[in-house]
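In the text below, chain A, chain B and the rest are named by the order of the sequence lines, each starting its count at 1. All figures in this text were calculated on a predicted structure; none of them were measured in a lab.
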Amino acid sequence: MSESLRDPVERLSSAVATVARRMAGNDELSPALDPSPRPEMGDYSTNAAMMLAGPLGRPPREIAAELAASIEAELGAALEKTEIAGPGFINLFLGNAWYRQATADMAGTGGATVPPVGDPERIIVEFVSANPTGPLTAASGRHAAYGDALSRLLAESGHQVTTEYYVNDGGTQVENFAASIAARMNGEEPPEDGYQGTYVNELAERARAEGHEADDLERLAVTGVEWMVEGIRGSLENFGVRMDDFFSERSLYEDNLVDRGIARLRAAGHVFEEDGAVWLRTTDFGDDKDRVLIRSTGEVTYFGADVAYHVDKIERGNDRLIDVLGADHHGYVARMAAAIQSLEGDKAEFEAQIMQLIHLVEGGQRTKMSKRAGDIVTLDELTADIGVDAARWFLLQRSHDRTIDLDLDLARSQSSDNPVYYVQYAHARIRSILRKAADEGSGGGDPLAAPVDPSEKLLVAKLLAFPAEVHEAAAKRAPHRICAYATDVAAAFHAFYRDCQVVGAEGDGVEAARVQLCDVTGATIRRSLGLLGISAPDSM
RNA sequence: GCGCCCGUAGCUCAGCUGGAUAGAGCGUUGGUCUACGAAACCAAAGGUCACAGGUUCGAAUCCUGUCGGGCGCGCCA
């Protein structure tokens, strides 16, 4: 890659690293280069001198003076000056031309280019996977928004990603489900551990209309699940979630994958029999007790089937299996991790992301959600209430490992206060300016030579940070960082808009330069929102 | 009892592979539309970063302990 095509920030940071490594005689050293916290501290700052202080046994500020001189020599005209501050930070002050060139570079590529990660992986992200015995809840919506945004982030940072929903279409839950439908068809209450929701009545109605018999539980189970999956698919689609596949638990048996999976565990030597059941010795890999794969009745456990499913994911060529699980499943993680570790031969990294709970607050009261009792707010209701964009933002803006309260009254009544509109508004405003510029703009001159307002510097620095933000958010599995980033970009844009006229701006190349900056800002907001699955409207 | 998550502004939460004066939104108070969108901007008020030790030139961030809250510990799924 030629110097001129590389990321402008990357050029700075490699110059700093080169100089610091030379001085330290250590090629491993990687000093930080971060945007300065305040304008008087320059544009970018490095802690390189402080990192060298220990190894070299000299005061950091003394080292900083030498480093700064070398950095100036290395960077030449791009650099206006350097200053040494605080305990030994070197602050870099960049010239106007650097900012204009950086903006022009980004304009050429629709925003800053995200370089692919050094070690791209094939990753399969499994998320939602809610039982197909009822509609998706708002809590499932959090899983859906998170898993979807995480997948987009991982893909953006250079990984090869597929997404999957595991459909638990076997087992006792489904039997209860079928029994509940049957009871409703007979005009009776569902059984004790059955499903109470009104949607069961609707299913019963539909079953009757399509000629199902209440006593054919087998068939009711299959069709009932089919209908639910149909509905779930629709809800996810409506919510903007890209699911590459819905993987049926039953198909594991039909395709003989359960036997194969358990055979692989057996081959690895950690399977044993006791009390008539088949066990996996997960305690060999850090679990606190061993786990049953096949019950003494001969039935395969949920865990046994799920292990087979995960083995299949590995055999499909994935390097990393990410499961997005609810907090109530975190006890499950150790045994699955153990199962994957116990395998020999073809292996993959298993990683669980635990979602904490979401409490819906209505009328100041937390609503306790239970699917069986039918006491739920569905994802469809939530999106109908506050819209897909607002719902996704609400569900994504907080770290996934934290419990959140979602105040429905607030979301409904004050939805215009939702920060998502702040970001979307900035985008719409930019598009409006660009439309006007296309109509009236006459900006001549060389944009690269135009002066740069302080508010422009802050905005350009934010836009340049996009690749680093994407990589960090992906690496930390933290899409909520993109919400914060998008908000920052919007704020920086609004400040720029306050201080700088765009269309009709005076000065050689100034209008052209600012139009370009608007263009790059719009593209960056669009891409950020895109990662979150949120629309970027041209007007609102 | 053991394990996982969490405790930061009045409220909801960012910041956590250590870095300069700890941030945002909402709420409160006051100010901005004769430049391109006021769904915006500016200013003010508001903090023992749960508590106590420790490591460090430097701790909201790392370690240990305590207190408080949530979740989980099935031949259920």
Side-chain angles (χ1 to χ4, degrees), chain A residues 32 34 36-38 41 45 47 50-51 53-54 59-60 85-89 91 129 131 133 168 170-174 176 193 249 274-279 288-289 291-297 299-306 326-334 352 354-357 359 361 394 397-407 410 414-426 428-437 439-441 472 475-476 478 480-481 483-484 487-488 490-491 493-495 497-505 511 514-515 518 539-540:
Chain A
D34 295 315
S36 300
R38 277 181 297 283
M41 295 174 172
S45 309
N47 64 350
M50 281 130 82
M51 290 185 76
F89 290 101
N91 295 332
S129 298
N131 281 339
T133 51
N168 301 130
T172 50
Q173 298 297 342
V174 170
N176 291 339
D193 48 2
E249 179 186 356
E274 192 174 291
D275 301 332
V278 177
W279 299 68
D288 48 16
K289 57 185 77 159
R291 307 293 174 174
V292 172
L293 294 167
I294 304 174
R295 286 190 272 265
S296 49
T297 61
E299 288 171 301
V300 176
T301 60
Y302 176 85
F303 175 59
D306 203 20
D328 55 344
H329 283 68
H330 79 250
Y332 190 73
V333 174
I354 302 299
M355 303 287 301
Q356 288 300 320
L357 303 184
H359 298 284
V361 178
F394 259 111
Q397 66 179 337
R398 306 307 181 199
S399 173
H400 71 283
D401 61 7
R402 206 170 157 130
T403 64
I404 54 173
D405 285 326
L406 201 169
D407 190 324
L410 194 76
Q414 301 188 8
S415 60
S416 66
D417 288 332
N418 188 309
V420 70
Y421 298 111
Y422 179 83
V423 177
Q424 290 184 320
Y425 177 72
R429 206 180 207 186
I430 288 165
R431 301 298 283 184
S432 170
I433 293 169
L434 292 174
R435 282 193 295 272
K436 196 170 176 80
D439 290 347
E440 307 175 9
E472 180 144 14
K476 291 185 169 170
H480 74 278
R481 284 177 157 270
C483 291
T487 305
D488 281 354
F493 173 76
H494 288 308
Y497 177 85
R498 177 193 69 226
D499 294 342
C500 299
Q501 185 175 353
V502 179
V503 179
E511 177 175 354
R514 289 179 179 168
V515 166
C518 286
S539 64
M540 51 194 289

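Across the protein-nucleic acid pair, A:Gln356 atom CD and B:G69 atom P stand 16 Å apart, rounded to whole Å. With rounding to whole Å, A:Asp328 atom CG is found 13 Å from B:C73 atom C1'. We find that CG of A:Asp288 is positioned 17 Å from P of B:G1, with the value rounded to whole Å. When rounded to the nearest whole Å, the span between NE2 of A:His494 and P of B:C41 equals 5 Å. The nearest whole Å value for the distance from the OH atom in A:Tyr421 to the P atom in B:A40 is 12 Å.
Among the atoms of the strands shown, none is found under 4.0 Å from any heavy atom of A:Asp34. Here A:Asp499 lies out of heavy-atom contact (under 4.0 Å) with every strand. Base contact: A:Ser296 has a heavy atom under 4.0 Å from a base atom. Using a 4.0 Å heavy-atom distance criterion, A:Ala428 is classed as a base contact.
Picking from B:G70, B:A38, B:C75 the nucleotide with the shortest atom distance to the side chain of A:Tyr497 gives B:A38.
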Worksheet, complete the sentence: Read 5' to 3' with Watson-Crick or G-U pairs under 3.5 Å, [ ] for crossing pairs and | for partners on another strand, RNA chain B gives (((((((..((((.....[...)))).(((((.......))))).....(((((..]....))))))))))))....

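OP1 or OP2 of B:C76 lies within a sub-4.0 Å distance of a side-chain N or O belonging to A:Arg295. Close to B:C41, at under 4.0 Å from its OP1 or OP2, lies a side-chain N or O of A:Tyr422. Taking 4.0 angstrom as the limit, A:Lys436 places none of its side-chain polar atoms (N or O) nearer than this to OP1 or OP2 of B:G37.
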Item to complete: Using a 4.0 Å cut-off on protein heavy atoms (strictly under), produce a 5'-to-3' string for nucleotides 12-17 of chain B with B for base contact, S for backbone-only sugar-phosphate contact, and - for none.
Response: BSSSSS

Between the protein and nucleotides 42-47 of chain B, which nitrogen or oxygen pairs come in under 3.5 angstrom?
from, atom 1, to, atom 2, distance (Å)
B:C42, OP1, A:Arg498, NH1, 3.0

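Both A:Glu249 and A:Ile430 lie near RNA chain B, and the one whose nearest nucleotide falls closer to the 5' end is A:Ile430.
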